[in-house]
Amino acid sequence: MAETVEAPAVTRIPHWIGGRRVESSSGRSGPVFNPASGRQTGEVDFATVEEVDAAVQAAKQAFPAWRATSLAKKAELFFRIRELVHERREEAAEILVREHGKVFSDALGEVTRGLEVIEYCCGIPTLLKSEFTEQASTGIDVYSIRQPLGVVAGITPFNFPAMVPMWMWAPALACGNTFVLKPSEKDPSASLWTAELLKEAGLPDGVFNVVMGDKVAVDAVLEHPEIAAVSFVGSTPIARYVYETATAHGKRCQALGGAKNHMIVLPDADVAMAADAAVSAGYGSAGERCMAVSMIVAVGDVADELRAAIEERIPKVKVGDGMDPSSEMGPLVTREHRDKVASYVENAPGEGATVVVDGREGVPDEGFFLNPTLLDDVKPEMKAYADEIFGPVLGITRVATYEEAVRLVNESPYGNGTAIFTRDGGVARQFQFDVQAGMVGINVPIPVPVAYYSFGGWKASLFGDRHVYGPEGIDFYTRGKVVTSRWPDPATSKVDLGFPQTR
Ligand code: NAD
């Protein structure tokens, strides 16, 4: 008898609107893969304009009651959300591994960093404290208050399917807004997991909604007259488009784009430490991090020793299925993305770069793997330098002086993260002063700010003027009002047509 081979189950991934799963009637959908096996595991619904509107209407309906909920009750709920996410972080991490491909420990790290933002939001009563001036004028007090915007939306990338949405929904909800999330269609299940967890924690229906989809859903969000603000994280061309379209439709917008992060290594640096950092920050999450180090700028005579130290470490990086506890680096998110990344390695010699370690060699047949790759002699005019490759490809560029190194970083169109490795405090301080980037590491390769600072880059890495989470996140999701107040004695009342003056 012939053996029957069971086809892998493909799960339908619907929207979450008004506190429940809602299937799309668009007839349009997209495949979701397990990048480690290359097999399709899900089929995600793509929203119609009407379905996006249904989510906005659910959020609009929920807004008045949520806005009126006291800060004490909001804080209590955030503590419950914090506990639930913490208890169930391994469940979330597994979802991330199975759809994104990153290794389990890295996925747990993602959830933990997102959790820090939720913890920050537990302090919302303190965060929304305002100013009060007694007796600004005789018998007159002045105070400021911050109020929510209404319905706000988040559009998120594939590379942090749990954490980046947490950067947005946590401060947005804590400030009293209601929320519509449009997650990446490549790994959408974490957002449904979040929606169910928030409901379990006690969040009222309609306060948090998820619409699955592609450009149709994004455009419907950007053009919707009842969405007050849009947060976006993704690649630079889409970030620019989102910012221009959202602001043209009268919305507040913060749109974080791509990156090309340089790590400068000075001749006095501890070479072993710099090599450990370059390998960790270059190949962690298969280089699919907007804060990944992608270019090493080796200054003076450090280049040869540093290259040898990195080359020595690469074969020890264990590449494999993210659910295997011994794996340190997983596959890339899709076959197309893996092939695009590999094309930079293919083209590097033609551009004049040297392929020191070729990650296309020795990859498993199954899944979307590419091994750690090292290029040397990379120059700014090459595509391997200029483009955000977003894969496990580390490039070395060689310069003679610190000044030349800083000029390279400052001439990059991006300005997300950057780092310097040195033992000289004076030079490090000068670097912090000189460099044009939003997040700077001094002997720290991935300087993602803690939750009580804010995250964001400069130049083509951020469109808009507010960074995400931390104090700027609270600022983004609220608007200010100043109240001038008087409780006059009716006996002193009179008509006075002059412009109000302080007395
Ligand atoms: P992406 O720009 O392709 O997609 C981001 C979002 O935009 C997704 O929800 C997607 O559905 C939507 N989208 C894609 N194409 C669109 C189009 N033509 N019109 C309208 N919407 C569209 O980004 P990605 O590949 O999912 O994520 C990787 C990128 O995100 C990298 O460039 C990375 O640097 C960047 N990123 C930046 C940060 C940051 O903080 N600056 C953080 C994480 C990721």
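Quick note: residue numbers are just sequence positions, from 1. Counting starts at 1 for both ligands and their atoms, following the listed order.
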N or O contact, K182 vs ligand 1, cut-off under 3.5 Å: yes
Give the minimum heavy-atom separation between A217 and M212, together with the two atoms involved. CB-O, 4.2 Å
Contact check: G258 vs ligand 1, nitrogen or oxygen atoms, below 3.5 angstrom: no
If the plane angle is over 60° it's perpendicular, under 30° parallel, otherwise tilted; pick one for F390 and F158. perpendicular
Please determine whether a side-chain nitrogen of the Lys or Arg among R398 and E404 lies less than 4.0 Å from a carboxylate oxygen of the Asp or Glu. no
for atom 9 (O) of ligand 1, nearest protein heavy atom and its distance come out as T156 O, 2.8 Å
Out of all atoms in ligand 1, which are within 4.0 Å of some heavy atom of N416? Include the element for each. 41 (N)
Would you say E366 and S37 are linked by a side-chain donor-acceptor pair, where the criterion is simply a distance under 3.5 Å? no
For the pair E94 and R98, find out whether any cationic side-chain nitrogen is under 4.0 Å from an anionic carboxylate oxygen. yes
For F455, the ligand 1 atoms whose distance to one of its heavy atoms is below 4.0 Å: 39 (C), 40 (O)
What's the shortest distance from atom 13 (N) of ligand 1 to any protein heavy atom, and which residue and atom give it? I238 CG2, 4.0 Å
When you look for heavy atoms under 4.0 Å from ligand 1, do you find them on the side chain of D214, its backbone, both, or neither? neither
Using a 4.0 Å heavy-atom threshold (strictly under), name the region of E288 that reaches ligand 1: side chain, backbone, both or neither. neither
Identity and distance of the protein heavy atom lying nearest atom 23 (O) of ligand 1: S235 N, 3.5 Å
In the protein, which heavy atom is nearest to atom 35 (C) of ligand 1, and how far is it? G234 O, 3.1 Å
Is there a protein heavy atom at a distance of less than 4.0 Å from atom 4 (O) of ligand 1? no
Atom 10 (C) of ligand 1: closest protein heavy atom, distance to 0.1 Å, is E185 OE1, 3.6 Å
Best match, S461, G257, G457: closest heavy atom to atom 41 (N) of ligand 1: G257
For atom 28 (C) of ligand 1, what's the nearest protein heavy-atom neighbour? Residue, atom name and distance, please. F390 CE2, 3.5 Å
Looking at K102 and E288, is any side-chain nitrogen of the basic one under 4.0 Å from a carboxylate oxygen of the acidic one? no
Heavy-atom nearest neighbour in the protein, as seen from atom 19 (N) of ligand 1, with distance rounded to 0.1 Å: K215 CG, 3.5 Å
Which of the numbered atoms in ligand 1 are below 4.0 angstrom from a heavy atom of S184? 9 (O)
So, does S184 use its side chain to make a donor-acceptor pair with the main chain of T156 at under 3.5 Å? no
Report, in ascending order of atom number, the atoms of ligand 1 lying under 4.0 Å from any heavy atom of N159. 43 (C), 44 (C)
So, regarding P157 and ligand 1 (criterion: nitrogen or oxygen to nitrogen or oxygen, under 3.5 Å), is there a contact or not? no
E244 backbone acceptor or donor facing T247 side chain under 3.5 Å: yes
Ignoring hydrogens and angles, tell me if any N or O in the side chain of S26 forms a donor-acceptor pair with the backbone of F46 under 3.5 Å. yes
Checking side-chain polar atoms at under 3.5 Å, does Q57 have a donor or acceptor matched by the opposite partner on E226? yes
Does the ring centre of Y385 sit less than 6.0 Å away from the ring centre of H262? yes
Less than 6.0 Å separating the ring centroids of F179 and W169? no
Give the atoms of ligand 1, by number and element, whose distance to some non-hydrogen atom of E388 is under 4.0 Å. 31 (C), 32 (O), 33 (C), 34 (O)
Distance to 0.1 Å, residue and atom name: give those for the protein heavy atom nearest to atom 26 (O) of ligand 1. F158 N, 3.0 Å
